[in-house]
Chemist: 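I have a structure here, written as structure tokens, and I will follow up with some questions on it.
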Amino acid sequence: MYKGYKKIFLTLSGINSGSNYINKGLSDWYDTEDKNMNNDDQRFEDMSLDSKTLDALNEIDFEKPTDVQKESIAPAVEGNDMIVQARTGSGKTHSFLIPIFEKMNGDDGVEAIVLTPTRELAQQVEKEAGKIGEHHDIETLAIYGGASIDYQINHLPRTSFVAGTPGRVMDLMRRGELKLDDIDFFVLDEADRMLEMGFLEDIKWIMSRTPGEKQIMLYSATMPKEIVKLANQYMEEPVELKLSEDEISAKGVEQYYISVGRKNKLSVLSSLLDNEPGKYLIFCNTRKYTRILSDRLRNHGYKAHSMHGDMGQSARTKTMNKFKSSEIDILVSTDVASRGIDVDNITHVVNYDIPKYEKDYVHRIGRTGRLGKEGKAVTLVSRDEMEFLDRIEDFVESELDLHDIEEGGRVEHEVDYEHHSDLFGMVNFRFSIDDDSPSRWDIEKKLENHGIKHDEAEVNNLQENGGEIKIVKSKAEKIPKMDYFDDVELIEREARRE
Ligand code: AMP
């Protein structure tokens, strides 16, 4: 088995990839953006990889390494512990798979384990690993709940590479079927996700049953304090890589938001779907709403499906495969169900509900614009969701553009007084009237005749032939119906909080 890798303490350049990297304190990220890389034309063939690995890469049509692969393969092959900030879609999976297969030898027993937050990601990592493993004559296996444990138990004796979710991994370890006491490689994929999902104790439990000497590689789209703490606890002088902000917050993704109340979100979504046909991944914050929304979309003739944690594993896999093969073009999902999914050519990510956690925003939009392709991320924001937009903008360090509501979709737009009401629940109208000097008293009388009590409305800014009326939102619909006024116009509220 591979043993005795060396740690690197100095700035290195030119190892295989011709790029630079450095071991630094955890507080001091090495930002690849600052570097003079000049290695855009680098190919896998130039990276001194085993011919079996090159054959595998050739077979899957990978010619050039992505940025994260350029930066991390060489130090990982050297044997360094790695802490890499990279998002799904950056090519991060192969940046740990390639070094692992370069050094595994297929002896008895499991040599490498990749822990993932979700079943889908475990399946995906194993699938990619299998394609390289085939050329090295190394068996791979995915281990996750919801699938036959007997199958997993039967295959384990021949397996050197395992990708799995913490729960099933622990289950098989407790049964004595999975032994990690001789592993060389321990990968935490989407580490931030795992911590958010409460897997920290499980990770520690598994880690404590592995040998002291092993190479740890941690991948995470975001680097909250807990991750840094985890790394400090278990890693030895890790090489740290942080891709440029562009890479992390989805280069090539056009991001904007539309200010729209809940009442009209479906209508805005239908305009998008009708005006810009494509492959849509739509996010809702709750399982229940993913179902409601996909039902509503179907009622309007869209071929939409939902994916959420209440579904059984085989139904989830089936839906995902249909989405991958473009049998379904509209998938409505929760954050959990979509984690780590690897689907090419998603043209639009729509945040139907704005994510409550800014990190989720980064994960969601990372589903489009993969590997330099273009994509759009559209966030539908109601007034009461504005505070989350502010937080997201702080987090991604840029302001999202505001786009107008597009109309013309098959779901009609309705007037949304709720969305245009102020903090006190009042809606403002501008009216014109055929009267040089309209009387407040007359107008209030007319309002009363229409069932609007005098403490429910306020007449303001009276002037020649017009003025304004502020009215409680529950009675707002009465105003445009009053023949007394020549013309009535709703004063729309600014999208941003004043
Ligand atoms: P990942 O970020 O690992 O989920 O990878 C995103 C997608 O990019 C996957 O579909 C990979 O198969 C693909 N990919 C990764 N590396 C390369 C590469 N060097 N060339 C072409 N495609 C790649």
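Start at 1 with the first residue, then count along the sequence. Since we're looking at a predicted model, the values are computed, not measured. Both backbone and side-chain heavy atoms feed into the values below; hydrogens, waters and symmetry mates do not. In listed order, ligands and their atoms are each counted from 1.
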Chemist: Looking only at the side chains, is there a donor atom on one of E190 and H363 sitting less than 3.5 Å from an acceptor on the other?
Modeler: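 E190 vs H363: no donor-acceptor pair found between side chains.
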
Chemist: Relative to the heavy atoms of T93, which atoms of ligand 1 are at a distance of less than 4.0 Å?
Modeler: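 The atoms of ligand 1 under 4.0 Å from a heavy atom of T93 are 1 (P), 3 (O), 4 (O).
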
Chemist: For ligand 1, does E63 get within less than 4.0 Å through its side chain, its backbone, both, or neither, judged by non-hydrogen atoms?
Modeler: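 Near ligand 1, E63 shows nothing, with every heavy atom at 4.0 Å or more.
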
Chemist: Which atom names give the shortest non-hydrogen contact between R364 and N285, and what distance separates them?
Modeler: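 That would be NH2-OD1, 2.8 Å.
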
Chemist: For residues S326 and K279, report the shortest heavy-atom separation together with the two atoms involved.
Modeler: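 Reported closest heavy-atom pair: OG-NZ, 2.9 Å.
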
Chemist: Any idea which atoms of ligand 1 are less than 4.0 Å away from a heavy-atom of F44?
Modeler: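 This gives 19 (N) as the contact atoms.
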
Chemist: Tell me if the centroids of the rings in Y219 and F96 come within less than 6.0 Å of each other.
Modeler: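 Yes, the ring centres sit under 6.0 Å apart.
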
Chemist: Any idea which of Q124, K64, E128 brings a heavy atom closest to atom 19 (N) of ligand 1?
Modeler: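 Looking at heavy atoms only, K64 sits closest to atom 19 (N) of ligand 1.
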
Chemist: Taking distance alone, with N or O pairs closer than 3.5 Å, would you say Q69 contacts ligand 1?
Modeler: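 The answer is yes, given that Q69 and ligand 1 share an N or O pair closer than 3.5 Å.
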
Chemist: Could you list which atoms of ligand 1 come closer than 4.0 Å to a heavy atom of G91?
Modeler: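 Counting atoms of ligand 1 from 1, those under 4.0 Å from G91 are 1 (P), 2 (O), 3 (O), 5 (O), 15 (C).
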
Chemist: For M104 versus A112, what's the shortest heavy-atom pair and its separation?
Modeler: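 Between these two residues, the closest heavy atoms are SD-CB, 4.0 Å.
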
Chemist: Polar-atom distance check: K92 versus ligand 1, any N or O pair below 3.5 Å?
Modeler: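 So ligand 1 has an N or O lying under 3.5 Å from an N or O of K92.
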
